[in-house]
Amino acid sequence: MSVAIARGVGLGLACGDDRWAIATPDPLPVLAELVAASAPRWVWWGDETTALVAQAQIPIDRCWDVRTVHRMLFGGSRAPLGEVWATLKGLRLDTLPRLGQLGLLDPPSDEGDRAEPTMPDGHLRPEWIDGGFGRTPDRLAAWAACALEAASLQDQLIDGRGDPARCRSTARSESAAELLCAEMSAAGLPVDERTAHGLIADAAGPRPESAEHDDRLRAARDEVVLARLEHRREVNLRNPGEVKAMLERQGFELPDTRAWRLEKLRHTEPLIDALLTWRKAERIATTYGYAWLDEHVREGRLRGSWSSTDGAAGRMTASAGLHNLPSVMRPIVTAEEGHLFVRADLGQIEPRVLAAVSGDRMLIEATRGDDLYLPIAQRLGVERSVAKLAVLGAMYGATTGESAGALAGLRKNYPVAMALLEQAAESGKRSEDVFTHGGRRVRMWASHKQDGNLDRAVAAAAARGRYARNAVIQGAAAEYFKVWAITVRRHSRALGAVVVLCLHDELLVHVPEARADEAAAMVTNAVVEAAHYWSPQADVRFVADTQVVKRWSDVA
DNA sequence: ATCGTAGGCGCC
DNA sequence: AAAGGGCGCCTACGAT
């Protein structure tokens, strides 16, 4: 059974042909009761409802998020509801109505007394999409019924896909992951603000009291680097061109001033060391400084917006620095009083996923151990580090260096896995969309300019090849990760635990101290449960490293 | 002024 | 050991 919901002046619900609305000042308790009483699959259009369910902490596990499923079926990250509906109904996208500016072109009020979410031509009413659906109980019920129809159309569409059962299960898990994202957005990540102030002060100095003070602090940070110059002069360290010129004057000819390039020279020259140290501090001062703290941290929680699907291949994204907090800042992520974190990350996830989606028997064999690179190195007759580099290179599309040498060995020993990657790369070169194992479409793009420059066209095709090659692995890994995350979310409820961070292959779960060990075991077991649900190959082994910590940075 | 892009760097 | 895939966010800068 599926029940669709929408919320405005009350709660709109639809189930099969029945539609009804509950118009009370606070309909959420009613919804909570309904959830407790039955376990339907809840259907909704997208963000607005997930935010509502998350904020009200309604414990829904089974859902169908029309917008999220649309992104999965058609690719791309934008999915305006008007387009979603038009696509499902086979309506022309170039006849999509737009919400008139200044109200002059608002759709005529020709709907009469009937609450009808669509116009005579079949398109959704822009004014409804824009929030008008919530104005009256009748509209709410109709909007919910319309979501139900959209979900049903998507379900039919999935029947026409190559592997409907798998595609359907991906649609469901991705929908639940979207709800988890809404919950993480609402709850935030526990952060110790005093530690944060201390770390920011270490890098950027005290909190500036005025614009002039800020300038002085900046100049003082710069001075440490500039003082190393043989001939003192003003250089804008924030301008890569000026830095490059400065290094040239010091005798360093470099194509650019990237850290990995400078790192090699670090110990030959105090100036380089000072510059690299400056950049680290500057990163914290600018991106993760006081302004960041003021904007994103409130009452001990760091909040950003999470999306389950925004990454090109379907990875999660997060704003507010949640996905790229520098490691030196990670001690700020601290469990609250009486709580601990269960921190766990999947081990060697991408090559294990490659084994699963390709079904390469020899590679599957290699996943049996904790370290899958060891048996690969043995087969190839190379060092472990070389084998690792070669496997990663094959998935990222590296073509040069030592990894390229081992590539031939990989092709010979793991032909099925390598063929899958090659096929994806070929699709990419031809600008043909690729599909992840779970059925997500990953859009490719055509060459923008046909300027007749063959070199550039070849380079662009090669870039698409690398992108597509990586997308089928990264995308499938993201699908498996999300299944793991929602499995943990579902089991967390009984322990009073909450998933507070997802980072591509890593989970952070906030849990009362007394249940921490139970939660850790649950998280580890969930790796197997998720593999059972997701993996097309039952004998691929997935592993996780799980720890109970007070701070995110407490890695044993 | 506002926008997009490039170089850079943080994380995976 | 080489510098390949993804994301968000910073500054500087040129185009609009």
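Numbered from 1 within each chain, the chains take letters A, B, ... in sequence-line order.
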Record whether the side chain of A:Asn324 comes under 3.5 Å of the base of C:dG8 through a donor-acceptor pair of N or O atoms. yes
Distance test, side-chain N/O of A:Arg283 to OP1/OP2 of C:dG8, below 4.0 Å: no
Using a heavy-atom cut-off of 4.0 Å across all strands, would you classify A:Thr257 as base, sugar-phosphate, or nothing? sugar-phosphate
So if I take every side-chain heavy atom of A:Ala312 and compare against C:dG6, B:dC9, B:dC12, which nucleotide ends up nearest? C:dG6
Length of the line joining A:Lys244:NZ and B:dA6:P, which is rounded to integer Å: 17 Å
SB check A:Arg232 A:Glu223 (cutoff 4.0 Å): yes
Whole angstrom is fine here: how far is it from CE in A:Met329 over to P in B:dC9? 19 Å
Using atom CH2 of A:Trp292 as one end and atom P of C:dG8 as the other, report the distance to the nearest whole Å. 17 Å
Answer yes or no: side-chain N or O of A:Arg315 and base N or O of B:dC12 forming a donor-acceptor pair under 3.5 Å. yes
Would you indicate which nucleotide in C:dG6, B:dG8, C:dG8 comes nearest to any side-chain atom of A:Pro240? B:dG8
Out of B:dC9, C:dG5, C:dC9, which has the shortest distance to the side chain of A:Arg466? C:dG5
Closer to the 5' end of DNA chain C via nearest nucleotide, is it A:Glu242 or A:His504? A:His504
Compare all side-chain heavy atoms of A:Trp306 with those of A:Cys502 and state whether any distance is below 4.5 angstrom. yes
Identify whether the distance between the nearest side-chain nitrogen and carboxylate oxygen of A:Arg71 and A:Asp65 falls below 4.0 Å. no
Interatomic distance where CZ belongs to A:Phe481 and P belongs to C:dG6 [whole Å]: 19 Å
Distance-only polar pair, side chains of A:His437 and A:Arg166, donor-acceptor under 3.5 Å: yes
Kindly point out which of B:dC9, C:dA12, B:dC12 is positioned nearest to the side chain of A:Asp505? B:dC12
From the candidates B:dC11, C:dC13, C:dG5, the one with an atom nearest any side-chain atom of A:Tyr467 is C:dG5
Phosphate-side-chain proximity, A:Asn470 and C:dG4, N/O vs OP1/OP2 below 4.0 Å: no
For C:dT11 and A:Thr286 - does any side-chain N or O of the residue sit under 4.0 Å from the phosphate oxygens OP1/OP2? no
Does the side chain of A:Lys280 get closer than 4.0 angstrom to OP1 or OP2 of B:dG10 through an N or O atom? yes
Is there a donor-acceptor contact under 3.5 Å linking the side chains of A:Glu174 and A:Ser308? no
Please determine whether a side-chain nitrogen or oxygen atom of A:Ser327 lies at a distance below 4.0 Å from atom OP1 or OP2 of B:dG10. no
What is the nucleic acid contact for A:Ala471, judged by heavy atoms within less than 4.0 Å: base, sugar-phosphate only, or nothing? nothing
In whole angstrom, what separates A:Asp222's CG from C:dA12's P? 10 Å
Between A:Asp505 and A:Tyr480, a side-chain donor and acceptor under 3.5 Å: no
Ranking A:Ala320 and A:Met395 by the position along DNA chain C of their nearest nucleotide, the one closer to 5' is A:Met395
Students often get this wrong, so: under 4.0 angstrom with heavy atoms, is A:Asn236 touching a base, only sugar-phosphate, or nothing? sugar-phosphate
Looking at the side chain of A:Arg258, which of B:dC12, B:dC9, C:dC9 is the nearest nucleotide? B:dC9
Can you tell me how far C1' of C:dT11 sits from CD1 of A:Ile284, to the nearest Å? 17 Å
From the set C:dC9, C:dG6, C:dA12, return the single nucleotide nearest to any side-chain atom of A:Arg238. C:dA12
What nucleic acid atoms does A:Ala313 come within less than 4.0 Å of, heavy atoms only: base, sugar-phosphate, or nothing? nothing
How about A:Arg261: does its CZ atom have over 12 heavy atoms from other parts shown lying under 6.0 Å from it? yes
Could you check whether A:Leu325 gets within reach of a base, just the sugar-phosphate, or nothing at all, counting any heavy atom under 4.0 Å? sugar-phosphate
Can you tell me the distance, in whole Å, between the CG atom of A:Leu503 and the C1' atom of B:dG10? 11 Å
What does A:Asp256 touch in the nucleic acid at a heavy-atom separation under 4.0 angstrom: a base, only the sugar-phosphate, or nothing? sugar-phosphate
How close or far is atom C1' of C:dG5 from atom CD of A:Glu350, stated in whole angstroms? 8 Å
